[in-house]
Amino acid sequence: MPERPTLDGLEQRWSAVWEREGAYRFDRGAPRERVYSIDTPPPTVSGSLHVGHVFSYTHTDAIARYQRMRGMEVFYPMGWDDNGLPTERRVQNHFGVRCDPLVPHDPSFAPPAEPSEKEPVAISRPNFVELCLRLTETDEQAFEQLWRTLGLSVDWSMTYTTIGEQAQRISQRSFLRLLESGEAYQLEAPTLWDVDFQTAVAQAELEDRERQGAMHRVRFAAAGGGPDALIETTRPELIAACVAVLAHPGDERRRELVGTELQTPLFGTRVPVLTHPLVDPEKGTGLVMVCTFGDLTDVVWWRELSLPVRSVLGPDGRLLEVPWGAPGWESADVERAVASYAELQGRTVNQARRRSVELLEQSGDLVGEPEPVTRPVKFFEKGERPVEIITSRQWFIRAMEHREQLIAAGRELSWHPPYMRARFEDWVQGLSGDWNISRQRFFGVPFPVWYPIDESGAVLHEQPITAREEQLPVDPSTDVPDGYEPRQRGQPGGFAGDPDVMDTWATSSLTPQIAGHAGEDEDLFARVFPMDLRPQAHDIIRTWLFTTILRSQLEYGTLPWRNAAISGWVLDPDRKKMSKSKGNVVTPMHLLEEYGADAVRYWAASGRPGTDTAFDPKQMKDGRRLAVKLLNASKFALADLPPEGEAVTHPLDSAMLARLAAVVAEATASFEDYDYARALERTERFFWWYCDFYLELVKGRRYDASPHAAASVSRALRLSLSVFQRLLAPFLPFVTEEVWSWWQEGSVHRAPWPLAEELAAAAAGAGRNGEEMALAVTADVLREVRKAKTQARRGMRAPVRRVVVRDTAQRLQALELGSDDLVAAGAIELLEPVEDEEFAVEVELAPDPSG
RNA sequence: GGGCGCGUAGCUCAGCUGGUCAGAGCACCUCGCUUACACCGAGGGGGUCGCCCGUUCGAGUCGGGCCGCGCCCACCA
C-alpha cells in the first residue's frame, strides 16, 4: 500500500495488467445460460470520438462489469463501422481524391502529396477503397487507445469491422438468403435521391429542415370547354413534369372542373383534373398539381391514380433534356414548349425555379406576387440540398408487410427506459415503403450479383446471376460469375456486375450476426445469439434498432436481443445537441488526462438511461473526489488494521452493515433494471455517510491497542470496504482495482458481486436489537457536538467537558449502545442522558487552551 | 396534426409503488491544517416542488385541464 495513494497513472498501469492477464477475455466454452452478450454499437470511424461516445459507452461498460461480477461470461466485442459515406467523404478531403469507377486500377498509385479539395484526383474504385482502408485503420487504432484509457472492459480479440471480409461475407450471405426467400427484391421506381452524393437514400435517413420558399399562384388554362383553374405551388420549376391537377372528391366548388382537362402554362401540356381524398380543399386554392416527382405525396397520387411519368430532373439535380412533341411530351404549342424549356434545361433546381417564375410573370400566368413561406423540407441527413425523387433501379428489403410482426417484436423486447418503445412503434406505423438498401456509392459491401447482357447489349436486370455462398465475399466489379470469362464483362452476350453497394445500415443491421460470427462459427453464434443487450442512442431507433430487428425477424424469426438500453445525448452547456456541424463537440482525451478516466466515467454514469445530459466538467471533479476518497478511506481502513474477530459484535458495526446490506440490495435491483445511474447514486450517497460518520465514530476502537476492542471493527471495516470497492467497480474500474490490489488476490472485476444476504447475516452477529437506532442517535448527537465546536470556532478534536442528551427513554437506551464510540469520536468527557420528549443536546466545551 | 419526455434551491439533478421527501453535489458564507484524505473536514443561508382544479385523513408523489421547454413521428401541394 502506497504511503500517499494517488490516482495518477492508474489508467496506464491497470489497463496494461488487464490486457496481459486477459481480464475481459470471453470464455467460448461457457454454456449459453451463463453468457451475457452485448451487441456493441460500432462507432462510425470518420474522424474522432467525442464525449457523447464516452457517455453512452460508459453506461454499457458499467452494465458489462456488473454482469461479469454477477458471474456471467460477458461477450463484449468492439466493432468499427468503417464503411459508407462518412469514410468516403473523409478520404476525399484527406487525400484530395475522388472515386471514378471508370478509371482503371493503378497498382502503383500513391495519393497526391499536396491534397487539393478543389481539384481532386480521379482514381479507380480499388484505389479509392485502399485509401479508405488505410485511413480507417489509423482511426481505429486511435479509437481503441481511447477506449482502453476509458477502461472499457471489451474483449479486444473479438473486434470486427463492417468493411472487413467477414462482415462482407455475412452481409452478402444474408442478402442472398433474403433474395432466395423473396424478402429482397429489385425494382425500378421513384426513389429518394440525394443530388450531391448522387445516390438513393432511405426514408430513415431523412430529416426535415426549415427552409425559406415561396408559394406561387399559377393559372392553368382550360384545354376544352371548362373554366381556367388556379393552383398553388412551391415548385414552379416542375410545371413541365406536371401530369395531373387534383381536387378533393367532396369539394363542391371544383365539381364542374373535375373531369375536364387543363393546359400547363409555358408548355401547353394537357393534364386531367382528377380527385383524391388526400387533397386538402382548404389549402391554397383547393387544387394541387401532381408532378413526377415533387414530393412523396406526388408518388402516392401517381401510383394510386395510375398517372404517366414525365421526368425532368436528372440524378445530378439539373433539369434533363426532354423530347417535346414526342409521345408523352405532347404540347398544344411545341415550339413554345421547346423555347420555354430551353430556359430551364441544364439548370439546377434553384436556378430553374427562379427562371420559371420570370417566365410565368412574362406570360401572365403568375397570379399575384409569390408569397414567402417557411416550410419543412426533406433532406438526406448528411446532405446539403433537399432530396429529390428520381426513378431508378434499387434493391429493397420488404418491411411494409411485416409491420405488425415488427410491432409485436418491439413489445416483446425489454426497453430501458420503457417509453422509448413508443418511438419504435411510431416509426413502424409511419413506414411509407420498403427499405431501400442499395447505394450508388463505392466504399461498401457490394451486391453479390451479376446480370447477363443479351446479344443486343441490353442488361437483363430481371435475371440476376447470384454468387454461390462458398464464393463470398465477391466484388462483382472485379470477380466474374460462373460460366463467364473476364473479357465478357460489359460485352453483348456477356455479363455486367451490379454496380451498387449496400447501405451502411444494411451491414450494421447484422451486427449481432457479425459479432457472433453467424455462419462462420456456429458454435460461438449459438452461445451468444439472440444477444442479451443492445445499447444505443435514441436517434437511431428508426435506423439501427429497427433494421436489426427486421433482419433478425426475416432470417431467424426471433428478436436479436432481449434488452435494448437507450442512452441519451450529451448536450452542450446551452442544452444543444453536440454535433460536428454545430462545432460544439468536446473531444474526450484531454478530459481523461485532466480528471482521470474514473472521474469522466462517474460523470457519464450519472446520466440516467435515455436522458439527455448536459456536459458538465464539475461532475467530473465530483467523480475525482469520490475516487480519491475511496483511495484514502481504503488506506485508513486497511493499513495496519488489527486482527479481525470471528464476528461483528459491536452494535454500531452491525447497524452499519445492515444499512450497507440495504444499499447492496438497492444497487443490485437498480442494475437488474439497467438503471446504473441509480445504483451509483445510492452507493455513493451511503459511502459519503460512511466516511463522514461511521469511520469517524469507530476511529477510537480501530486504533485501540487491545485486540479485543478492535476485533469487531476490524471485521466490519474489511467487510464494508470489500463491498464498497466492489459496488463501485463498474463505475470506477481503475481506482477500485488499485485499492483491491492492496489486500486481495485477483481482479476486483472478476470478484463476485456483493450479496445483501451475506452482509445481513454478518450484521446479525451481535444478536441484539436496537442497533439501527443506536447508530441513528449516535450520529444525531455527534452532529450536534460538531455544530457546537464549529460555532465555537474550535477544531473537531477540541475536548468537550459535558454533553447533555435529552431524548426518549428508548432512544437514550439505544444511545448507550454506541456511547463508547461517541465519547471517543467527540472527545467527550461526560455524557449525560436526560429523559425528555424532545431531542435536544447541550454541549459544554472545555476551555480553549489557546484562549 | 399525433406521440413521448421534462419543468423540485442560483446551476446540475435525486426523490421508485402517496404520510421524516422538502434532499444531494456544485456555487455562496463561516469555521477548522483533528495521525485516511486540505484533490480535506465541520457548520450555515437558500425552494409556496410550472399553474389551476380534483381524489384522499394526507399529494413534488395519483387523475383532469392549462402554460413553457425539448425530442420523435406525420401524405408539410
Side-chain angles (χ1 to χ4, degrees), chain A residues 4-7 208 210 215 231-235 238 245-246 276-280 283-291 294-301 373-378 417 419-432 538-539 541-542 568-569 571 573 575-577 595-596 599 603 606-608 610-616 618-619 621-622 624-639 666 669-670 673 675 677-678 681-682 684-685 688 691-692 695-696 699 702-703 782-783 785-798 825 827:
Chain A
R4 279 189 66 85
T6 173
L7 297 178
D208 285 345
E210 289 286 324
M215 190 63 79
I231 61 105
E232 280 195 350
T233 180
T234 54
R235 304 205 59 180
L238 293 180
V245 169
L246 303 185
H276 193 280
L278 280 183
V279 179
D280 182 353
K283 194 168 270 178
T285 63
L287 292 173
V288 55
M289 73 167 180
V290 183
C291 302
D295 63 29
L296 287 170
T297 321
D298 280 344
V299 179
V300 173
W301 285 326
V373 289
T374 305
R375 77 248 187 264
V377 180
K378 292 210 180 298
Y419 61 78
M420 286 294 177
R421 171 186 295 131
R423 300 207 180 181
F424 175 77
E425 292 196 7
D426 271 7
W427 173 252
V428 175
Q429 266 151 359
L431 280 177
S432 67
H538 56 62
D539 57 332
I541 288 175
R542 65 179 185 168
W569 284 329
L571 307 175
R575 304 207 66 80
K576 296 276 188 309
K577 186 196 173 186
Y595 299 102
W603 159 75
S606 302
R608 308 198 87 79
T611 306
D612 294 346
T613 301
F615 172 70
D616 188 1
K618 279 190 200 135
Q619 287 197 41
K621 281 189 186 164
D622 293 348
R624 194 172 171 84
R625 279 183 69 218
L626 178 62
V628 169
K629 197 74 175 174
L630 182 63
L631 225 40
N632 288 313
S634 298
K635 180 185 159 200
F636 163 73
L638 300 172
E666 210 173 351
S670 300
D673 200 26
D675 195 346
R678 190 182 168 92
E681 195 263 334
R682 296 309 139 100
E684 186 200 4
R685 190 202 297 175
W688 282 106
C691 291
D692 293 344
L695 291 187
E696 293 298 331
K699 251 179 197 169
R702 186 235 177 281
Y703 284 123
L782 180 60
R783 190 172 334 194
V785 172
R786 285 170 170 174
K787 186 191 284 193
K789 290 181 179 178
T790 297
Q791 283 168 351
R793 310 197 154 196
R794 302 282 296 278
M796 286 301 119
R797 293 301 305 163

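Chain letters run A, B, ... following the sequence lines, proteins first and then strands; every chain starts at 1.
- Across B:A36, B:A77, B:C75, the shortest atom-to-atom separation from the side chain of A:Y703 is found for B:A36.
- Of the nucleotides present, none pairs with B:C49 by Watson-Crick or G-U wobble criteria with both distances under 3.5 Å.
- Among the nucleotides B:A77, B:A36, B:C75, the one closest to any side-chain atom of A:L278 is B:C75.
- At the heavy-atom level, A:R702 lies nowhere under 4.0 Å from the strands shown.
- Across the protein-nucleic acid pair, A:D208 atom CG and B:C71 atom P stand 13 Å apart, rounded to whole Å.
- A:R797 and A:A825 get closest at one heavy-atom pair: NH1-O, 3.9 Å.
- When heavy atoms are screened at a 4.0 angstrom cut-off, A:M420 is found touching no nucleic acid atom at all.
- The A:R375 side chain lies nearest to B:A77 when the options are B:A77, B:C73, B:C37.
- Rounded to whole Å, the distance from CD on A:Q791 to P on B:G43 is 10 Å.
- Among B:A36, B:U34, B:C40, the nucleotide with an atom closest to any side-chain atom of A:R625 is B:C40.
- In this structure, A:T297 reaches the sugar-phosphate backbone alone: every heavy-atom distance under 4.0 Å involves primed, P, OP1 or OP2 atoms, never a base.
- A:C291 comes within 4.0 angstrom of nothing in the nucleic acid, heavy atoms only.
- Smallest separation of non-hydrogen atoms from A:G568 and A:H538: CA-CD2, 3.8 Å.
- Base contact: A:R624 has a heavy atom under 4.0 Å from a base atom.
- Nearest-nucleotide positions on RNA chain B place A:P5 closer to the 5' end than the other of A:P5 and A:V300.
- Listed nucleotides: B:G3, B:C40, B:G15. Nearest to the side chain of A:A422: B:G3.
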Inset, instruction - Walk me through it: do A:L631 and A:K635 pass the test side-chain contact (heavy atoms from CB on, under 4.5 Å)? - result: CA-CA 6 Å; A:L631 225 40; A:K635 180 185 159 200; over 6 Å; no

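- By the 4.5 Å heavy-atom criterion applied to side chains, A:L782 and A:R786 are counted as neighbours.
- Contact between the side-chain N/O atoms of A:K629 and the OP1/OP2 oxygens of B:G41 is found at a separation under 4.0 Å.
- Heavy-atom neighbours of A:K621 NZ from other residues, nucleotides or ligands within 6.0 Å: at or below the threshold of 12.
- With a 3.5 Å ceiling on both atom-pair distances, B:C16 lacks any Watson-Crick or G-U wobble partner.
- Atom P of B:G2 sits at a distance of 13 Å from the matching atom of B:G65, rounded to the whole Å.
- Remark: B:G70 base-pairs with B:C4. Criterion, Watson-Crick or G-U wobble with two distances under 3.5 Å.
- A:M215 CE to A:R375 CZ: the interatomic distance, rounded to the nearest 0.5 Å, is 8.0 Å.
- Between A:R678 and B:A14, a side-chain N or O to OP1/OP2 separation shorter than 4.0 Å is absent.
- Checked against B:U12, B:C75, B:U34, the side chain of A:M796 finds its nearest nucleotide in B:U34.
- Following rounding to the nearest Å, A:F424 (CZ) and B:C72 (C1') show an atom-to-atom distance of 14 Å.
- When heavy atoms are screened at a 4.0 angstrom cut-off, A:V279 is found touching base atoms of the nucleic acid.
- Side-chain contact between A:W427 and A:I541: absent, with no pair of heavy atoms (C-beta onward) separated by less than 4.5 Å.
- Note: CZ (A:F615) to P (B:C13) measures 14 Å, nearest angstrom.
- Sequence order on RNA chain B of the closest nucleotides to A:D612 and A:T233 puts A:D612 first from the 5' end.
- One C1' atom belongs to B:G46, the other to B:A24, and the distance between them is 14 Å to the nearest Å.
- Across all strands shown, B:G32 forms a Watson-Crick or G-U wobble pair with B:C40, both key distances being under 3.5 Å.
- If you take CG of A:D539 and P of B:C71, they are 12 Å apart, rounded to a whole angstrom.
- Atom name P, nucleotides B:C16 and B:G5: the rounded distance is 16 Å, in whole Å.
- Within 4.0 Å of A:W688, counting heavy atoms only, lie sugar-phosphate atoms of the nucleic acid but no base atom.
- Using a 4.5 Å cut-off on side-chain heavy atoms (C-beta onward), A:W688 and A:L626 make contact.
- Phosphate proximity of B:G44 to A:K787: present, with a side-chain N or O under 4.0 Å from OP1 or OP2.
- Listed nucleotides B:A77, B:C39, B:A36 differ in distance to A:V628; the shortest reach to its side chain belongs to B:C39.
- Nucleic acid contact class of A:K621 (heavy atoms, under 4.0 Å, all strands): none.
- Among all heavy-atom pairs drawn from A:C291 and A:L238, the shortest one is SG-O, 3.4 Å.
- Summarising the geometry, atom CG belonging to A:N632 is positioned 8.0 Å from atom CZ belonging to A:R4; distances are rounded to the nearest 0.5 Å.
- Closest to the side chain of A:T234, out of B:A77, B:A36, B:A74, is B:A77.
- Using C1' as the reference atom, B:C73 and B:C11 are 33 Å apart when rounded to the nearest Å.
- B:G18 and B:U55 have their C1' atoms separated by 11 Å, given to the nearest Å.
- Closest approach to the A:R793 side chain among B:C37, B:U30, B:C26 is made by B:U30 (side chain taken as heavy atoms from C-beta onward).
- Atom name P, nucleotides B:G25 and B:G45: the rounded distance is 14 Å, in whole Å.
- Between A:R4 and B:A38, a side-chain N or O to OP1/OP2 separation shorter than 4.0 Å is present.
- Residue-to-nucleotide contacts include a donor-acceptor pair under 3.5 Å from the side chain of A:D426 to the base of B:G2.
- If you measure from atom CZ of A:R235 to atom P of B:A77, you get 10 Å, rounded to the nearest angstrom.
- Pairing of B:G25, defined by two Watson-Crick or G-U wobble distances under 3.5 Å, is identified with B:C11.
- Base orientation of B:G60: syn (glycosidic angle within 90° of 0).
- A:G284 comes within contact range of no nucleotide atom at all, as no heavy-atom separation falls under 4.0 Å.
- Nucleic acid contact for A:E696: base, since at least one base atom lies under 4.0 Å from a heavy atom of the residue.
- With C1' as the reference atom, B:C71 and B:U61 are 25 Å apart, rounded to whole Å.
- The distance between atom CD of A:E684 and atom C1' of B:C26, rounded to the nearest whole Å, is 12 Å.
- Taking atom CD on A:E210 and atom P on B:C71, their separation rounds to 12 Å, with Å as the unit.
- Here A:D280 lies in heavy-atom contact (under 4.0 Å) with a base.
- Nucleotides B:C33 and B:C51 place their P atoms 45 Å apart, quoted to the nearest Å.
- Taking every side-chain heavy atom of A:L695 into account, B:A36 is the closest of B:A36, B:C71, B:A77.
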